[in-house]
**Q** 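Got a structure for you, questions after.
Quick note: numbers below take in every heavy atom, side chains included, and nothing from hydrogens, waters or symmetry partners. Residue numbers begin at 1 in each chain, while the letters A, B, ... track the order of the sequences.
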There are 2 protein chains.
Amino acid sequence: MALVRPDIMCGVCPTKANGFNYGAYTCNACKMFFRRSHTNPAEIHECVTDGNCVQLRDCRYCRFQQCLNIGMVIPKQLKPEITEIIQNLLYLDAHRNNTFSVYVSLDNLSLEDAIFSDSMKLTEKTPSYVPDYYDWSSMDHLAAIEFMKKFEFFKFLSKAEKRSFIKTSYIHIIVLCLAMRSVGLKSQEFVYPNGVDVFPKEIQVMFQKCPSVLADVRCPLVARIHELKVTREEFVLLTAIITCNPGNEAYTVFNQEIISKYQQAYTSALVQYCLHTYQQFGPTRVNDLLSLCFLLGKAFEGFGSVWTAYMVAQNDGKVKKLHTDFLKYFLD
Amino acid sequence: MALVRPDIMCGVCPTKANGFNYGAYTCNACKMFFRRSHTNPAEIHECVTDGNCVQLRDCRYCRFQQCLNIGMVIPKQLKPEITEIIQNLLYLDAHRNNTFSVYVSLDNLSLEDAIFSDSMKLTEKTPSYVPDYYDWSSMDHLAAIEFMKKFEFFKFLSKAEKRSFIKTSYIHIIVLCLAMRSVGLKSQEFVYPNGVDVFPKEIQVMFQKCPSVLADVRCPLVARIHELKVTREEFVLLTAIITCNPGNEAYTVFNQEIISKYQQAYTSALVQYCLHTYQQFGPTRVNDLLSLCFLLGKAFEGFGSVWTAYMVAQNDGKVKKLHTDFLKYFLD
DNA sequence: TAACCAGGTCACAAGGTCAC
DNA sequence: GTGACCTTGTGACCTGGTTA
Ligand SMILES: [Zn+2]
Ligand SMILES: [Zn+2]
Ligand SMILES: [Zn+2]
Ligand SMILES: [Zn+2]
């Protein structure tokens, strides 16, 4: 419909602009011309007047020069290998998300089971089934572990290395996914779908006198991710960087180097993605994103402290093995 | 592919047209014939019937004549000095247009202020601001005067000459621009953007018993410009020719000659543009365009009469100085 | 919700080719 | 020289996602 500024002229030819295209006010024709000049590999050369044409629309060379002069830019394509890395991660993440939201685990699996079973027994949720905290939490664990196991190098690790690989990072992955999902649900704090709390009833009761303890765990990371408007692409690259953590004495030197190479590749992809998307603000963006790991560590410790406090206070065996495994890890 | 208008016939020979080629609907054969007639320098002459052949496809001479008759043209490059003149005017006009649509004058400027101030105080309109008749009208005046002051010779004129230069032509410029803008807005009569009338409420009320008076002012010029499909290039050349009006006793002989030279240059540019663009119809086109000045004069007088009638009927001081200045000019 | 913009689509005109 | 057919660049219009 009507432009807000209806009478701005095209910066290339003497017609009305139809909007702000590729960084300048131009008419539709000049917009299309500029776009084609980038998609068509054919070079633009030969100008009769040696670059001094007045009727810019009649000379491809001078028209293109004028486009550049008024600052038109088409953001360069990301290198295909970078897009491929991101596509693969997006695919893995979509699968993780699907596992999380569509299935439920009816068994009481241990961490060991989750790490080493080739395919976990999962049941599709019926539409009428209303998952509770334990359902969501279990699926969070299982989906994250499944996600991590999909990394190519996983199958070449020894049993001990596999165990160590998962244990080192899976809680961080869970918490980051939880935060990202919460932002998607327009929440300002960690939350499971349908408003299910990320702490079981018992813990909520235990801390009802000092709710700020739980709030301090729930809010900061989610708020920051919301504030930064972290994209799905940035999110999956972050999960990959966190997953490929080489700082672990369980690895052979060889495998440690492999994992380190992967982490470097994902970090490099994140840098290139940010430089491409945010141009001169790219480095700042990378820094902002990597700084999320600090808040992620805080949240991680927060969950750990709350659960530790709860377990110390009472241990009635109601907690699933996955959780006690997780807690053992903290108490160690 | 089927043509959208498949039923149109070739303007040269009795076959279906294949499209709009070189300025007329023709079949492919006649299109190719016309093109070759321009690339091949071989003269076309000798017609058995002395130019009265009926089977046009059998006589090269008569076929070519018919091509010209239906207005077929192969555009040649215009001389660069002509395109440069036009380009400069298009630039000035775009600037005038921008001033008109983007800014608003908050002061109550007199004509004297507008002519002699080096830079007028203008305010950028906020998106929410809805200009009324007085806003548009003031900006019409200011943008037109600013446009005229940009002509190179203006700064060499004496104060009295400057005043005279502007006063002689600025209303004509305003009216012509108004007409051209109205055509661009697909209106059949003078109109400001967003449907604002070109007469203030008071005058509309005064003439509501005999609306044909206002309609006779509003319509003829706009209708004719629409009918002729006047291009932006032709329009700016016309404004330049009208601006450089040497018939004014205020000028020194020297300056009068300068202005006259400018007017000749612009007229010559218009002729060459039309000859180039319309070939054998060029002279007719020039005539049609210059005849617009007659309708322009009519519209000018119409505005003058209406306003004079209004001012005679009542004078409550509500009118801005620019307008009273304009009316004094009529009453003199 | 509407304005906006990147990108896609396709009818179209101009120029080239080649058998005739 | 002719004209059917092809290739290419063009720009009006549409579409879907994003943002205020
Ligand atoms: Zn343009
Ligand atoms: Zn050029
Ligand atoms: Zn024909
Ligand atoms: Zn003949």
**Q** Output the rounded distance in Å from CD (E233(A)) to C1' (dG17(D)).
**A**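 Taking atom C1' of dG17(D) as the reference, CD of E233(A) is at 14 Å.
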**Q** Choose from dA13(C), dT2(D), dT9(C) the nucleotide whose nearest atom is closest to any side-chain atom of R35(A).
**A**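 It is dT9(C).
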**Q** Is a donor on one side and an acceptor on the other found under 3.5 Å between the side chain of Q66(A) and the backbone of L56(A)?
**A**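 The answer is no, because no donor-acceptor pair under 3.5 Å joins these two groups.
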**Q** DNA chain C: stems of at least 3 consecutive Watson-Crick or G-U pairs, cut-off 3.5 Å?
**A**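 Runs of three or more consecutive pairs: C:1-20 with D:1-20.
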**Q** Is a donor from one side chain sitting under 3.5 angstrom from an acceptor on the other, for N98(B) and Y103(B)?
**A**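 Absent: no donor and acceptor within the cut-off.
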**Q** Hey, is the side chain of N40(A) poking within less than 4.0 Å of OP1 or OP2 on dT8(D), counting only N and O atoms?
**A**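 Checking dT8(D) against N40(A), no side-chain N or O comes under 4.0 Å of OP1 or OP2.
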**Q** Find the distance H38(B):NE2 to dT2(D):C1' and express it as a whole number of Å.
**A**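 Whole-Å distance recorded here is 18 Å.
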**Q** So what does R60(B) touch, heavy atoms closer than 4.0 Å: a base, only the sugar-phosphate, or nothing?
**A**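 The answer is sugar-phosphate, as R60(B) gets under 4.0 Å only of primed atoms, P, OP1 or OP2.
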**Q** So, is the end of the R181(B) side chain (NZ or CZ) under 6.0 Å from the ring centre of F100(B) and within 45° of the ring's axis?
**A**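 Pair R181(B)/F100(B) counts as cation-pi.
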**Q** Below 30° counts as parallel, above 60° as perpendicular, anything between as tilted: where do the rings of F64(B) and F33(B) land?
**A**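 Perpendicular.
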**Q** Let me know the distance between NZ of K31(B) and P of dG1(D), rounded to the nearest Å.
**A**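 Going from NZ in K31(B) over to P in dG1(D) covers 19 Å.
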**Q** Among the candidates dT2(D), dA4(D), dG7(C), find the nucleotide nearest to the side-chain atoms of R36(B).
**A**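 Of the candidates, dT2(D) comes closest.
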**Q** Rounded to the nearest Å, what distance is computed from the CD1 atom of residue I8(B) to the P atom of nucleotide dA11(C)?
**A**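 Spelled out: CD1 on I8(B) to P on dA11(C) is 17 Å.
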**Q** It should be established whether R63(B) places a side-chain nitrogen or oxygen under 4.0 Å from OP1 or OP2 of nucleotide dG3(D).
**A**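 So the side chain of R63(B) is within the cut-off, an N or O lying under 4.0 Å from OP1 or OP2 of dG3(D).
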**Q** Mind calculating the distance between CD1 (I74(A)) and C1' (dC5(C)) to the nearest angstrom?
**A**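 Rounded to whole Å, this separation is 13 Å.
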**Q** Would you please confirm or rule out a distance under 4.0 Å between OP1 or OP2 of dT10(D) and any side-chain N or O of R57(A)?
**A**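 It does not, given that no N or O in the side chain of R57(A) lies less than 4.0 Å from OP1 or OP2 of dT10(D).
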**Q** Looking at dC5(D), I'd like to know if its phosphate oxygens (OP1 or OP2) sit under 4.0 Å from a side-chain N or O belonging to N28(B).
**A**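 Looking at the OP1 and OP2 atoms of dC5(D), neither is under 4.0 Å from any side-chain N or O of N28(B).
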**Q** Could you verify whether a donor N or O on one side chain and an acceptor N or O on the other, from S182(A) and E189(A), lie under 3.5 Å apart?
**A**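 Their side chains do not contain a donor-acceptor pair, so the 3.5 Å distance test is not met.
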**Q** Taking atom C1' of dC5(C) as reference, at what distance in whole Å does atom CZ of F34(A) sit?
**A**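 Answer to the nearest Å: 15 Å.
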**Q** In whole angstrom, give the distance that lies between atom CE of M32(A) and atom P of dT9(C).
**A**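 Going from CE in M32(A) over to P in dT9(C) covers 11 Å.
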**Q** Cut-off 3.5 Å, side chains only: do D140(A) and Y192(A) have a donor facing an acceptor?
**A**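 Yes, side-chain donor-acceptor contact under 3.5 Å.
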**Q** In whole Å, I'd like the distance from the CG atom of L56(A) to the P atom of dG11(D).
**A**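 It works out to 13 Å between those atoms.
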**Q** Please check the phosphate of dA6(C) (OP1 and OP2 only) for any side-chain N or O of N21(A) closer than 4.0 Å.
**A**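 Yes, because at least one side-chain N or O of N21(A) sits under 4.0 Å from OP1 or OP2 of dA6(C).
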**Q** From the set dG15(C), dT2(D), dG9(D), return the single nucleotide nearest to any side-chain atom of F33(B).
**A**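 Minimum distance to the F33(B) side chain belongs to dT2(D).
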**Q** Any side-chain donor-acceptor pair under 3.5 Å between K79(A) and H276(A)?
**A**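 No - no donor-acceptor pair under 3.5 Å links their side chains.
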